[in-house]
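A short worksheet on the structure shown next.
Residue numbers begin at 1 in each chain, while the letters A, B, ... track the order of the sequences. Predicted model, so just to flag it, every value in this text is computed and none were measured. Note: hydrogens, waters and symmetry copies are ignored here, and every other heavy atom, side chains too, is used.
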Amino acid sequence: MTFKRLAEYLQRLEETTLRNKITEILAELYKETNGEEIGMICQLLQGRVAPLYEAIEFGVADKMMIRAIGQGLNVEITDVAALFRKTGDLGITVESIKNQPSGIKYKERNTITEVYEVLFRLATSGGEGSQEEKIKLMGELIKDLDPLSCRYVVRIPIGRLRLGFSDMTVLDSLSWMIKGTKELRPTIEKAYNVRPDISFISSTLKEKGIKGLAQVKPQVGTPILMARAERMTNGADIIEKIGKCAIEPKYDGFRVQGHKRGNKVELFSRNLENVTLMYPDIVKGIIKQVKANEAIIEGEAVAFNPNTGEYLPFQETVQRKRKYNIEAYAREIPLKLFAFELLYRDGISYLGKPFEERRSELEKIVAKGDTILVSQEEVVGDAKRLEEIFQDAVSRGLEGVMAKKLDGIYRAGSRDFNWIKYKRSYAGKLADTIDCVVLGYDYGQGKRTGFGIGDFLIGVYDDKDEKFQTVAKIGTGLTDEEWKKIKLRSDKLKVKNKPENYDVDKMMECDVWITPLIVVEIRADEITRSPVHTAGRVMKPSISGKAFDVEVAGLALRFPRLERFRDDKKPMEVTTLKELKKLYEMQGKK
DNA sequence: TCTGTCTGCCCC
DNA sequence: ATTCTGC
DNA sequence: GCAGAATGGGCAGACAGA
């Protein structure tokens with residue numbers, strides 16, 4: 001099949017919003033392919049050339065792609081960038097440049113296989129000169145392909161296909177290919193969950209039918225898609241939703257799935273990256289403490305201070321995700337793994353077993369020790385007790401709690417109400433919000449292109465320096481109508497250059513600057529120290545004297561979102577730097 | 001060798 | 001991560 | 001309620017160029 005033919009299908013799919021219709025079109029597309037092509041297509045639809053657990057990344061995003069388009073079509077990079085700002089989509093950008101009459105001929109006979117192979121080479125190119133190599137390969141593709149194919153070939157590496165469907169719909173469509181209905185989706189999904197390789201799944205289905213997936217079972221060394229939690233804002237709702245449930249503390253670390261066979265252990269991150277070499281302390285802990293020949297367990301890894309025993313904030317924990325200096329960091333900030341799931345043990349899959357059974361089996365196979373701790377748990381039947389546990393968790397400095405449905409299965413890869421998270425920041429306390437003023441905004445991408453705005457920069461006021469200093473950009477919490485409204489209001493306040501009394505890091509520069517008159521109430525989970533936001537930041541000359549380094553980090557908001565507009569407030573009434581600093585200091589002691 | 005820019009289905 | 005929206 | 005697509009702060013690593 002030619003790539004052009006695929007592109008024509010993708011165009012049809014992009015224009016369709018009805019998911020059932022999308023499912024049908026995909027099935028129709030598959031019918032024109034062979035077993036090899038369907039694998040490549042499904043893989044490319046994920047924006048990859050290999051499954052997530054293979055460490056093959058494109059290493060190409062917006063900036064590199066702009067250069068590749070410039071090189072491939074012999075246009076100035078600044079022109080490409082300008083058109084991208086306008087269109088909000090690099091695919092549309094390349095297509096529209098290509099559609100301008102140029103006299104340059106392009107081939108229409110490139111096969112999917114040929115394109116896939118170039119993308120694969122691009123992804124596996126590394127080392128000195130590799131950026132030039134990637135740009136050359138991408139540029140040649142763009143030069144060779146027709147305009148419509150260019151739209152999609154450019155969107156694949158940057159991971160923004162924007163077709164309105166993703167993995168779950170692909171699984172539906174594979175069912176549709178075989179049966180003409182979605183009835184095989186659960187079977188296909190079950191296989192995909194434990195072997196998240198869409199190329200393998202789709203090729204196998206095409207060549208062997210649904211029977212081909214019968215032997216796909218959890219396997220030590222192949223990561224299982226991780227379950228996610230839905231959110232709720234109080235204990236009563238949780239009890240009403242799932243009844244009696246198990247409550248666990250929610251730690252602020254990162255997910256780890258540990259696979260053990262004998263004395264060999266492999267670790268995977270939430271996005272299935274193999275992180276075994278990064279966390280030797282957890283590997284040793286599992287070998288020592290997990291009493292099963294084969295097991296797959298899951299938990300949250302959190303760093304702690306070995307001298308005080310205190311758990312560390314996320315910003316320190318995440319420093320353990322590294323490739324170099326691993327042993328030194330492991331000594332300085334060792335990890336503990338709070339294990340909360342058993343997914344597999346000695347030939348038996350626990351995925352379909354109720355939570356209570358997984359939990360009791362987990363407790364049996366994890367021996368007491370220093371590194372792996374079975375997560376605390378209390379079974380609760382009433383909202384009052386749930387709130388008590390929640391309050392206790394919050395006062396211990398934790399993020400909140402997780403509630404797990406007692407008879408719920410492990411829903412790999414999906415987010416549903418078998419797991420519910422209840423976080424401090426959801427509990428709607430006024431103390432968790434601050435008032436800020438809008439300083440500028442950026443043009444949006446994709447769906448937001450039409451609004452002319454995608455996010456806005458906010459700041460607090462430092463009455464000492466008499467300057468507005470930044471704390472976050474806001475890209476969520478507004479309805480489509482509110483985006484349109486704030487764009488209109490902002491444009492009336494537009495100024496040519498950044499106002500003198502704005503203190504903004506280069507990283508946070510906006511497309512459009514406005515007079516500081518719009519006041520917004522912002523919710524966030526916490527205040528963190530920031531290298532790029534300027535609230536309270538102090539700089540010093542760099543060693544060479546040619547630049548500036550951060551002497552004292554600024555303050556920023558973690559998970560910022562709009563709570564509401566505060567048209568009743570004047571800009572000079574927003575939170576001051578002094579107040580923000582006080583809030584930052586207060587969150588440390590609880 | 002140092003520094004800045006860019007990237008990551010990054011981590012959250 | 002959070003949030004909004006079409007189905 | 002699911003699935004998808006907008007968007008956030010901030011970390012280490014990989015290159016390129018000075």
Side-chain angles (χ1 to χ4, degrees), chain A residues 17-22 46-48 50-52 55 57-64 67 88 126-132 134 157-169 172 228 230-231 252-255 269-273 275 278 300-301 313-325 329 399 414-417 421 423 425-426 442 444-449 451 453-456 458 471-483 506-508 522-533 542-544 546-547 549 553 555-562:
Chain A
T17 59
L18 300 163
R19 264 221 299 281
N20 288 336
K21 187 74 193 163
I22 289 173
Q46 285 189 330
R48 296 184 60 89
L52 277 166
E57 323 289 343
F58 284 110
V60 172
D62 292 1
K63 306 287 176 176
M64 290 272 283
R67 288 170 63 194
E128 199 181 322
S130 61
Q131 290 194 1
E132 277 312 309
K134 283 169 198 272
I158 54 181
R160 289 181 183 280
L161 235 12
R162 289 197 256 246
L163 299 172
F165 69 89
S166 189
D167 290 9
M168 292 304 130
T169 310
D172 274 339
R228 295 186 232 182
E230 272 294 351
R231 289 167 293 201
D252 192 9
F254 52 82
R255 268 305 251 295
S269 72
R270 201 186 84 171
N271 284 314
L272 311 189
E273 184 188 356
V275 291
M278 296 181 185
E300 187 84 357
F314 179 75
Q315 270 173 299
E316 289 179 65
T317 296
V318 80
Q319 292 176 27
R320 285 294 312 273
K321 189 183 187 317
R322 56 172 48 250
K323 191 172 168 184
Y324 305 107
N325 280 323
Y329 270 78
E399 278 193 300
S414 47
R415 182 194 299 283
D416 69 14
F417 287 91
K421 62 178 149 182
K423 286 173 70 170
S425 66
Y426 305 157
D442 293 316
Q445 299 191 26
K447 180 181 174 14
R448 301 257 175 101
T449 308
F451 304 158
I453 181 172
D455 63 70
F456 53 89
I458 57 160
V471 290
K473 274 184 173 174
I474 306 296
T476 192
L478 289 82
T479 62
D480 289 1
E481 288 310 308
E482 286 174 318
W483 281 114
K506 203 169 153 198
M507 289 287 295
M508 287 293 140
I522 301 299
R523 179 172 295 279
D525 275 27
E526 62 176 333
I527 301 164
T528 58
R529 295 241 78 122
S530 166
V532 293
H533 282 290
S542 67
I543 299 162
S544 66
K546 283 181 213 157
D549 291 338
L555 297 176
L557 306 179
R558 188 180 186 201
F559 310 145
R561 60 265 198 192
L562 180 92

Legend entry - side-chain N/O T528(A) vs dG9(D) OP1/OP2, d < 4.0 Å: no
Inset, instruction - Ignoring backbone atoms, establish whether K421(A) has a side-chain N or O less than 4.0 Å from OP1 or OP2 of dT2(C). - result: yes
In whole angstrom, what separates [X]'s [atom1] from [N]'s [atom2]?
| X | N | atom1 | atom2 | result |
| --- | --- | --- | --- | --- |
| Y329(A) | dC11(B) | OH | P | 18 Å |
| K321(A) | dC11(D) | NZ | P | 14 Å |
| R255(A) | dC10(B) | CZ | C1' | 16 Å |
| F559(A) | dC4(C) | CZ | P | 16 Å |
| I158(A) | dT7(B) | CD1 | P | 10 Å |
| Y426(A) | dT2(C) | OH | P | 4 Å |
| K447(A) | dA5(D) | NZ | C1' | 9 Å |

Legend entry - Out of dC6(B), dC10(B), dC2(D), whichever nucleotide has its closest atom nearest the side chain of M64(A):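 Among the listed nucleotides, the one closest to the side chain of M64(A) is dC6(B).
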Legend entry - Base-pairing assignment for dC7(C) (Watson-Crick or G-U wobble, both under 3.5 Å):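 dG1(D) is the nucleotide pairing with dC7(C).
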What is the nucleic acid contact for [X], judged by heavy atoms within less than 4.0 Å: base, sugar-phosphate only, or nothing?
| X | result |
| --- | --- |
| T169(A) | sugar-phosphate |
| K423(A) | sugar-phosphate |
| D167(A) | base |

Legend entry - Atom P, compared across dC12(B) and dA6(D): separation rounded to whole Å: 22 Å
Legend entry - Interatomic distance at P, dC4(C) relative to dG8(B), whole Å: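 It comes out at 28 Å once rounded to the nearest Å.
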Inset, instruction - State whether the distance check finds a donor on one side and an acceptor on the other, under 3.5 Å, for side chain T476(A) versus base dT2(C). - result: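 It does, because a donor-acceptor pair links the side chain of T476(A) to the base of dT2(C) below 3.5 Å.
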Inset, instruction - Flag the pair E300(A) and R270(A) as a salt bridge only when some basic side-chain nitrogen lies within less than 4.0 angstrom of an acidic carboxylate oxygen. - result: no
Inset, instruction - Would you confirm whether R48(A), through its side chain, and A50(A), through its main-chain N or O, come within 3.5 Å as a donor-acceptor pair? - result: yes
